[in-house]
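Below you'll find the structure, written out as structure tokens, and then a few comments.
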Protein chains: 4
Amino acid sequence: MAGSSFGNIFKITTWGESHGKGIGVVVDGCPAGLSLSEEDIQVFLNRRKPGQSKYTTPRSEEDAVEILSGVFEGKTTGTPISMVVYNKTQRSGDYSEIAGYYRPGHADYTFDKKYGFRDYRGGGRSSGRETIGRVAAGAIASKLLSELGIEVVAYTKSIGDIEIDYDRFDISYRDKNPVAMPDETSAINAQDLLDTKMQEKDSVGGVVECVVNGMKTGVGEPVFEKLDANLAKAVMSIGAVKCVEIGAGFEVSKKSGSTNNDSFTSDDKGYVTKRTNNAGGILGGISDGDKIVLRAVFKPTPSIFREQETINKEYENINVQIKGRHDPIIVPRAVVVVESMTAITILDMLFISMTSTLRGIKKFFKE
Amino acid sequence: MAGSSFGNIFKITTWGESHGKGIGVVVDGCPAGLSLSEEDIQVFLNRRKPGQSKYTTPRSEEDAVEILSGVFEGKTTGTPISMVVYNKTQRSGDYSEIAGYYRPGHADYTFDKKYGFRDYRGGGRSSGRETIGRVAAGAIASKLLSELGIEVVAYTKSIGDIEIDYDRFDISYRDKNPVAMPDETSAINAQDLLDTKMQEKDSVGGVVECVVNGMKTGVGEPVFEKLDANLAKAVMSIGAVKCVEIGAGFEVSKKSGSTNNDSFTSDDKGYVTKRTNNAGGILGGISDGDKIVLRAVFKPTPSIFREQETINKEYENINVQIKGRHDPIIVPRAVVVVESMTAITILDMLFISMTSTLRGIKKFFKE
Amino acid sequence: MAGSSFGNIFKITTWGESHGKGIGVVVDGCPAGLSLSEEDIQVFLNRRKPGQSKYTTPRSEEDAVEILSGVFEGKTTGTPISMVVYNKTQRSGDYSEIAGYYRPGHADYTFDKKYGFRDYRGGGRSSGRETIGRVAAGAIASKLLSELGIEVVAYTKSIGDIEIDYDRFDISYRDKNPVAMPDETSAINAQDLLDTKMQEKDSVGGVVECVVNGMKTGVGEPVFEKLDANLAKAVMSIGAVKCVEIGAGFEVSKKSGSTNNDSFTSDDKGYVTKRTNNAGGILGGISDGDKIVLRAVFKPTPSIFREQETINKEYENINVQIKGRHDPIIVPRAVVVVESMTAITILDMLFISMTSTLRGIKKFFKE
Amino acid sequence: MAGSSFGNIFKITTWGESHGKGIGVVVDGCPAGLSLSEEDIQVFLNRRKPGQSKYTTPRSEEDAVEILSGVFEGKTTGTPISMVVYNKTQRSGDYSEIAGYYRPGHADYTFDKKYGFRDYRGGGRSSGRETIGRVAAGAIASKLLSELGIEVVAYTKSIGDIEIDYDRFDISYRDKNPVAMPDETSAINAQDLLDTKMQEKDSVGGVVECVVNGMKTGVGEPVFEKLDANLAKAVMSIGAVKCVEIGAGFEVSKKSGSTNNDSFTSDDKGYVTKRTNNAGGILGGISDGDKIVLRAVFKPTPSIFREQETINKEYENINVQIKGRHDPIIVPRAVVVVESMTAITILDMLFISMTSTLRGIKKFFKE
């Protein structure tokens, strides 16, 4: 099955390779009437753009997006929105060496086994540059959600052992530091860790947390199209993610029912909340109106400058030292990718939930 | 979107409620020519059947499966295989009480908010009994995979703080103890923990681990239909799962690239392996031929005998003590569910991978 | 890909063979809150039941439907509705002969070529009995549509050369004659034709016309999910249909633009209509608010008593004379099948159209 | 649901408007290893390009295609192939007038009703230019099919009352006349008819016939994903098509079983054929190995120079005379579109059929 599409009602299809002509996405199923400009998209893309700090590759890319269809007189028309970012850097010379062997932790080997050969330039389709399509689409999904009062916010929760302290949480700080942490002290510590890793010619992993505020109740379809199931797929489809958590996540395995259960409570106006949110805003696969909380766990950048053992295309054991440009950490630039995939999923499932009751449908169609 | 189907080429559709007439599944896209009997299915269902130990509900259900279509003269015909397990226990009387309030940690509240009302008998569609359909389908997927030399095996990895020791790992022991652990010592300790929890009128969470042996290389579709992305969805769609891990899972966030990267190596016959398997057998969303390793993290059973705070349907704060039958742990009976969802996903993605290369397609169609 | 499912939001999955244990359907994505009883379904099924006139097989089947899930206290719950009709007649003895050869005009040969063998009893899965699942689901779709003021009506338009005269059109007469024609004179003539065909041990084809009244405007998704494209698929998927027409259908090939174009016109209250309806209520794949008109063209029953040439399983040329029970005409019993497939398609596309505009979505979610 | 994608394993997603920046398509699921150049695509696009005869709009468009991804070193990589044709003519000035009213026979009214407003320039997304994406994708599907020995050929069967004579059938003549007829005499007569229509400021409809040679047996999935059902959807999704026929098509309604049934016969080498092909190569929704034959019936071009009645955006009755450029006949340029949609469908269903039997799957995976 073609694997480059995601979503049902709000559906995205991405294309493009790291060093091909460009990277793009077609967003289909976007409702008509949303004000949309290239600037709306660019703001999102700039958050994942390379070259913004010493922790990111200096590859010189503007990542300037162009909208090719689906917008007329400043508004979406309901027809597919095609967006493209043309690649500036297409030199394949840089990559002649890695064409001959399989980098550990990369998809070189599996692409060759699957397809018989591969576009080896910068990882081709398996490059992190592929996420440009996700983020461009995520910008639209986020804008639509904000029209409905729903806000998706992601940030770096941890880098290696350095974790944010929620007592110091300040989301406005996220965009003011190169590691996208909403906590100044942790951000400084994390940068120290990264400096060390760079000196050691090594890399490190980390965790992105994503929160959805203003969520509607009743979104998610039992049994297989549960909201958390779709979020898990959305987030696990991002390269380098090896674990997805909802709410209390892994910790629930060590908890008791009495401490894990979130008690419902209502105030004197009958407004319902939960005393805790171990569920992460999802019960039985359906949103409960509380904040949705999820985490994506990223592995360390597989490209490191240190010498590594591997095999070449002739299946001979060799030692390699990967050249070129790579970040010592994936997480900071991945924050907006997690945010985008979450927004796309939430929006699509929200649309799907519109037919849950006959009463809602009748109200909709009553002139 | 209808949420009760899973898969593309090999597709299952489940139906049924805890205390309705029955639970069933339609398996569509099963290739013709597989020997299949009700006994093949029953073996799987028996692994999740209630009443097998003091840690499971004594609800008296045979869970006897009946095949209604798709099998002729002992072989699958290629057309849909409909299977049903009729419920023995349909007394709705037991549940008249919980109809009036929302149990913490359950989907009562979200079903009511989504659909306007709910089948409150035993959780209705959100009951764990829903997994009967998954397991019946999983039995078929597993049998098909074994015809191709692929074996899917799941077991309990941990219950609360009690974790198996891989030095004592013995898979044959899994089916000889009520907690499905492949390690005798840990199984005994886990039972002690469960006894304590039962005395405390409480429950506990745990982790199921699943391994796929004999996996083919090249399965999984970049970008959104990655093998790990689909496994994450498959597993997260199981009720009570709050975290999914692939390979080293959460631990990768604290690792360095130099220790997380799995070096490729080849023996003198050119047979390729990896020195480690932090990747869990998947690189860039595509199987690398190594064991696939994943973990599903389950929350504690939300139904506990202890008094809890909650709200009733009138949104008044109340205290409740849930009566009835419930297990102090979900994990042991969920092992076969994780195994089933993994098998279904692997099989479906395996089928999809058959069109990866023109060479493979031409070979297939050459008479 | 599994082929037994149809629809997206409102999705049906059918199963069962002519002489297996039963025939069934799972209806998923039905909104909660619809009053639904087995009687609602039975009324539809009775319209396609055998044994109702001398023109239908005397096979003794009650076709009594049972609802197994998805309805609680008389209302749909939003979860899958599983329905089954158990087969009374399961004698495979009748069919031992046809197991050995390929009936002309039937799917015997193609099933064997595709699957390696087949369930030969009464055509197995390729039997007209398969449509029971479609009709049971269609009953639900029709009931939902009627809640929204939309009515789907099908009838026999022609049998062989006998065509209804719209000047004598009386829909109430449709259910009072064995050929389902809404015109008494034509119905009598058609029965004469059928009597002749039966004497000649032959069969004849015909046309079913289907009209959708009260249709909403704006339903259908450009480019590939056009309303007419989905209706064409829905109707062509019915066994024995070889042609689908929308509006003026085949006749448009001979018309001029000046006579084929339907002029828009508005009355003094600004109510818009078209002076003609060659478009059949669909322009650019989107409903225009006018009546939707389509026709399904059915081939003659392939089973005839006359001797025919064919081959046996050993690919030897033989002459055969098919025994058993068969109708001289497919059309009258297919009327409710066309109606059902149309209703399912219209409903599904109607649901999908709910997200066409941001304005509509915002209105829906405004509390 | 997003409506701009078609196919499952081999999936296309199109985008673009008549007078936007361009028109494009993403082809996903194309197997790796196919030699592919822009020239392969251009040959197909040139067959639908405007300005090639006096019967087509003189709009000056090169329709030069650019491949943006998915091809590396001359071969497809298995990843999405993005193709774009930039529009030369983007003058929206021409269309200021039609923005204010609804052209009869066009989608202006339905787009406005569905989306609240529309891109009125040249029909926007509902323009025939949308088919560029289909044809570019069809070129790839056709090339893949030819690698498997399958050839898809379409041609004009009739224009108005002028129909080809199969006794004079010469497919090589198809590309040598402006009406794409494979019969010189009929082509001349058809041109006379068109000249008359142009003088009368009118247009005319016609029929495209499409044949698939070298078809594999066993392609098509019962019950809803029948090969003919999917072909019907594929073809009916083309703008202006109002009827789809398979094999004998509409004529079967007037036939008897004895004349409509195609007798199987085998030669002395056991090679199976049918004496006739009223089935059009499809029995029970599955290909029987014979030629597949289908017809798409096109309405006359709705844009005519003659004065017509309609309404404006204020729903006032007005008379209009449409200016600009339009063809007196849609059919000749639509031939390659029908061919493309057929090829895409056949290829996708062929891929899907690969998992019909366990035996075939085991053979595929045996190293």
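What you see is a predicted model; the values in this text were computed from it and never measured. So that the names make sense, note that chain A is the first sequence line, chain B the second, and so on, each numbered from 1.
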TODO: Go through C/Cys30, C/Pro31, C/Gly149 and name the one with the most non-hydrogen pairs under 4.5 angstrom from chain A.
DONE: C/Pro31

Task: Closest non-hydrogen atom pair, C/Gly285 against C/Asp228 - done: CA-OD1, 3.4 Å

Open item on the list: Please classify the contact of C/Leu148 with chain A as side chain, backbone, both or neither, using a heavy-atom distance under 4.5 Å.
Closed with: side chain

- [ ] Side chain from CB out, backbone as N, CA, C, O: work out which of these in A/Thr357 comes under 4.5 Å of a heavy atom of chain C, or both, or neither.
- [x] both

TODO: Check the side chains of C/Thr13 and C/Ser4 for a donor-acceptor pair under 3.5 angstrom, ignoring hydrogens and angles.
DONE: no

Open item on the list: Checking the side chain of A/Ser287 only, and the main-chain atoms of A/Ile282 only, is there a donor and an acceptor separated by less than 3.5 Å?
Closed with: no

- [ ] Examine whether an atom of A/Ile361 lies under 4.5 Å from a heavy atom of chain C, and if so say whether it belongs to the side chain, the backbone or both; otherwise answer neither.
- [x] both

- [ ] Please confirm whether the backbone N or O of A/Gly70 pairs with a side-chain atom of A/Thr77, one donor and one acceptor, at under 3.5 Å?
- [x] yes

